[in-house]
Novice: 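Please read through the structure below; I'll follow up with questions.
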Amino acid sequence: MDATHLDPGRYHAALFDLDGVITNTASVHAVAWKRLFDDYLVTRPPVPGEDHRPFDDADYRDHVGGKPPVDGVLDFLRSRGIDDLPRGAPDDDAGAETGYGLGRLADRHFRSVIATKGVRVAGDAVALVKVLRRRGVRTGVVSASRSCTTVLAGAGLARLFDVQVDGVLAEELGLPGRPDPAMFLETARRLGVAPDASVVFEDAEAGVRAARRGGFGLIVGVDRGGTRERLLASGADVVVSALDEITVSPGERPLSAVPDALTAWDEIAARLRGRSPVLLFDFDGTLSPIRDTPEEVEMPPDNRRALEELARSCPVAVVSGRDMRDVRQRVGVAAAWYVGSHGFEVAGPTGEEVVAHQGGQDALPALDAAEQRLRAELGSVPGTLVDRKRFALAVHYRAVRAEDVDRVREAVERVAAAAPALKLTHGRCVLELVPKVDWHKGRAVRWLLGHLGADRATVPLYAGDDVTDEDALREIHGDGIGIVVLSGEHGDRLTWAHYSVAGPGELSELLTRITSSLR
Ligand SMILES: O=P(O)(O)OC[C@H]1O[C@H](O[C@H]2O[C@H](CO)[C@@H](O)[C@H](O)[C@H]2O)[C@H](O)[C@@H](O)[C@@H]1O
């Protein structure tokens, strides 16, 4: 996906620098600092080796912008050959000849400028924050300034952000300023979102460097005037001059609104060209057509051959709700990765097996007890099939008479309610109990991509038919290609897929095209 197109399925938090991104206060800070340093340099007795020329915009950009005031003071003066100023202490008086004292005075100048001139708000940024919040993205504001609360209140933005990390809090917590990532990391922590699932918007080079060092998922440089190249050189993934260049994905849409993958093949081929694909496929209903019982299912030989060939060009994985050994044996492609039990177990091409989340292991006693109860309770309902996988328990009702289906459903719901370690999920004519932890096919896919060393050149392509595949389709929505395999069993439900195919037959055709395009 284009880096100016944000997907709330991929990025769950957005961190905004305040000064220069949300408000015009970067220029007000520059004015306040100029007043401070020009006064200071004029009154400081001349000393050989010291440069007392007036402070200018480049000084602000290179030594002060985005940093805590005390660091700005010391870094700028050092650049002018002045290195005898003590750091001082946070409670130094404004104007005391220390890093903290001069920093306090700069803040006082800043407040007096905004008291007379007011704060100008960047409408493009505020509009983007509001859209992101409506789409469920958590938002945070980050400012090295001690006046962040005053600025936000003065601009009428006091309630715009979920979390605020500013100069006052940084001082309390002893957080170093940018280019150290500590303030960004603290913001992400307070938002409850991992840095790699968060976007940072920054106009200062020091801030961009901090976000890069913090491992943030996407860094958007905001060039409010001639800084594009410097922001890119500092590590921004993309630079915009206004935040209305950023679009936000609407996310899910009805199956009927999803374009057909074969018709849009040229678009898909263009997205794969020159990149490093990782191809991920669900099994039942995707690689193989649905049958009355799980035992009847066989991998279509054409698809096996296609996967064997694809695995010679790029990583291929089968991501299934089935037991991992079961699906590996049915698919029979030695060079593929296999993810089983809805993401809880993984096997690599060399045969090594990994429990991808400890929650699977922890839930084993609960799964055993639930299996025992359901076998006993449902043994008398004709057509019911209780299918135990290593880390999941499925109850199939495809062959159950319509009038008995509610009985099956109620029994599974009762057992689920009595098992706090398990949660109930639904699929095509199947109810499943899985470990109640934040893990699913989507998390497992992201784990596998990390394990495979995915980088910005990687394009994950995921195809699946069922509601449990939506976790994976959502996960790769922002950086990959999602294909939903239609079946008519879920009406016009919502999906995170970008494209659809009419059924497993059309998926085979798509595999053929992908195979040829990668040759
Ligand atoms: O993630 P998947 O590979 O799609 O696995 C999901 C479930 O698939 C299987 O059940 C489904 O396919 C059966 C055979 O075609 C069909 O009879 C059943 O109605 C479907 O739900 C598998 O048996 C389950 O264990 C998987 O969880």
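Note that the structure is a prediction, hence the values are computed from the model and not measured. Residue numbers start at 1 and run along the sequence shown.
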Novice: I'd like to know if Arg104 pairs up with Asp107 as an ion pair, taking the criterion as any Lys NZ or Arg NE/NH1/NH2 lying under 4.0 Å from an Asp or Glu carboxylate oxygen.
Specialist: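 Result for this pair is no, no salt bridge flagged.
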
Novice: May I ask you to say whether Arg80 pairs ionically with Asp59, meaning some side-chain N is under 4.0 Å from a carboxylate O?
Specialist: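 Counted as a salt bridge, because a side-chain N and a carboxylate O are separated by less than 4.0 Å.
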
Novice: Do the side chain of Glu50 and the main chain of Pro46 share a donor and acceptor less than 3.5 angstrom apart?
Specialist: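 No, Glu50 side chain to Pro46 backbone: no donor-acceptor pair under 3.5 Å.
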
Novice: For a side chain to side chain donor-acceptor pair (under 3.5 Å) with Thr495, tell me which candidate from Glu252, Glu470, His490 qualifies.
Specialist: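 Only one option passes, and that is Glu470.
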
Novice: Going by salt bridge (Lys or Arg N to Asp or Glu O under 4.0 Å), name the residues that satisfy it together with Arg253, two or more places apart in sequence or in a different chain.
Specialist: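 Applying salt bridge (Lys or Arg N to Asp or Glu O under 4.0 Å) to Arg253 gives none.
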
Novice: Taking ring-ring contact (aromatic ring centres under 6.0 Å, His included) as the test, write out the residues that go with Phe201, two or more places apart.
Specialist: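 Once residues adjacent in sequence are excluded, the partners of Phe201 under the ring-ring contact (aromatic ring centres under 6.0 Å, His included) criterion are Phe16.
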
Novice: If you look only at pairs with a residue in residues 119-139, which of them pass as a ring-ring contact (aromatic ring centres under 6.0 Å, His included), with sequence neighbours excluded?
Specialist: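 Residue pairs passing ring-ring contact (aromatic ring centres under 6.0 Å, His included), neighbours aside: none found.
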
Novice: Considering residues at least two apart in sequence or located in another chain, which fulfil the salt bridge (Lys or Arg N to Asp or Glu O under 4.0 Å) criterion with Asp166?
Specialist: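 Salt bridge (Lys or Arg N to Asp or Glu O under 4.0 Å) check on Asp166 returns nothing, list empty.
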
Novice: Once ring-ring contact (aromatic ring centres under 6.0 Å, His included) is applied, do any residues pair with His451, and if so which ones, sequence neighbours excluded?
Specialist: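 Per chain and number, His451 pairs via ring-ring contact (aromatic ring centres under 6.0 Å, His included) with Trp337, Trp447.
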
Novice: ring-ring contact (aromatic ring centres under 6.0 Å, His included) with His357: which residues, sequence neighbours excluded?
Specialist: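 Expected list: Trp439.
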
Novice: For the residue pair Phe76 and His63, categorise the inter-ring angle as parallel (less than 30°), tilted (30 to 60°) or perpendicular (more than 60°).
Specialist: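 Correct class here is tilted.
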
Novice: Return the set of residues passing side-chain contact (heavy atoms from CB on, under 4.5 Å) with Arg273 (not counting sequence neighbours), or none when no residue passes.
Specialist: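 If we apply the side-chain contact (heavy atoms from CB on, under 4.5 Å) test to Arg273, skipping adjacent residues, the hits are Ala269, Ala270.
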
Novice: My understanding is that only residues two or more places apart in sequence, or in another chain, count here; which of them pass ring-ring contact (aromatic ring centres under 6.0 Å, His included) with Tyr499?
Specialist: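 Partners of Tyr499 by the ring-ring contact (aromatic ring centres under 6.0 Å, His included) criterion come out as none, since no residue qualifies.
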
Novice: Less than 3.5 Å apart, which donor and acceptor atoms pair up between the side chains of residues 173-184 and the rest of the protein, not counting sequence neighbours?
Specialist:
| residue | atom | partner | partner atom | Å |
| --- | --- | --- | --- | --- |
| Arg178 | NE | Gly66 | O | 3.2 |
| Arg178 | NH1 | Asp17 | OD1 | 3.1 |
| Arg178 | NH1 | Glu202 | OE2 | 2.4 |
| Asp180 | OD1 | Ala182 | N | 2.8 |

Novice: Under a 3.5 Å distance rule, please check whether Glu345 uses its side chain to pair with a backbone N or O of Met324 as donor and acceptor.
Specialist: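 Confirmed, Glu345 side chain pairs with Met324 backbone.
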
Novice: Side chains of His477 and Glu475: do they bring a donor and an acceptor to under 3.5 Å?
Specialist: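 Absent: no donor and acceptor within the cut-off.
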
Novice: Does the distance from a Lys or Arg side-chain N to an Asp or Glu carboxylate O, for Arg271 and Glu267, drop under 4.0 Å?
Specialist: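 Salt bridge absent between Arg271 and Glu267.
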
Novice: Of all heavy-atom pairs between Ile219 and Gly235, which one has the smallest distance, and what is that distance?
Specialist: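 Smallest heavy-atom distance, with atoms named: CD1-O, 4.0 Å.
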
Novice: Are the side chain of Thr98 and the backbone of Gly101 linked by a donor-acceptor contact shorter than 3.5 Å?
Specialist: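 The answer is yes, because a donor-acceptor pair under 3.5 Å joins these two groups.
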
Novice: For Arg213, which residues count as a side-chain hydrogen bond (donor to acceptor under 3.5 Å, both in side chains) partner, sequence neighbours excluded?
Specialist: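 Listed in chain order: nothing, the list is empty.
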
Novice: Under the side-chain contact (heavy atoms from CB on, under 4.5 Å) test, which residues partner His440, sequence neighbours left out?
Specialist: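 Result, side-chain contact (heavy atoms from CB on, under 4.5 Å) vs His440: Asp438, Arg443, Asp471.
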
Novice: Where the side chain of Arg224 meets the backbone of Gly20, is there a donor-acceptor pair that is under 3.5 Å apart?
Specialist: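 Answer holds: yes.
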
Novice: In terms of side-chain geometry, is the basic nitrogen of Asp469 or Arg474 positioned less than 4.0 Å from the acidic oxygen of its partner?
Specialist: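 Looking at Arg474 together with Asp469, the answer is no, because their closest N to O distance does not fall below 4.0 Å.
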
Novice: Would you call Glu171 and Arg146 a salt bridge, using N to O less than 4.0 angstrom?
Specialist: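 Looking at Arg146 together with Glu171, the answer is yes, because their closest N to O distance falls below 4.0 Å.
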
Novice: Salt bridge (Lys or Arg N to Asp or Glu O under 4.0 Å) with Asp71: which residues, sequence neighbours excluded?
Specialist: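 For Asp71 the salt bridge (Lys or Arg N to Asp or Glu O under 4.0 Å) partners, ignoring immediate neighbours, are Arg87.
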
Novice: Quick one: does Val484's side chain get under 4.5 Å of Trp496's, heavy atoms only?
Specialist: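 Val484 does not reach Trp496 side chain to side chain.
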
Novice: Do the side chains of Arg230 and Asp62 get close enough for a salt bridge, i.e. N-O under 4.0 angstrom?
Specialist: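 Counted as a salt bridge, because a side-chain N and a carboxylate O are separated by less than 4.0 Å.
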
Novice: Does a side-chain N-to-carboxylate-O contact under 4.0 Å join Lys34 and Asp56?
Specialist: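 So Lys34 does not pair with Asp56 through a salt bridge.
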
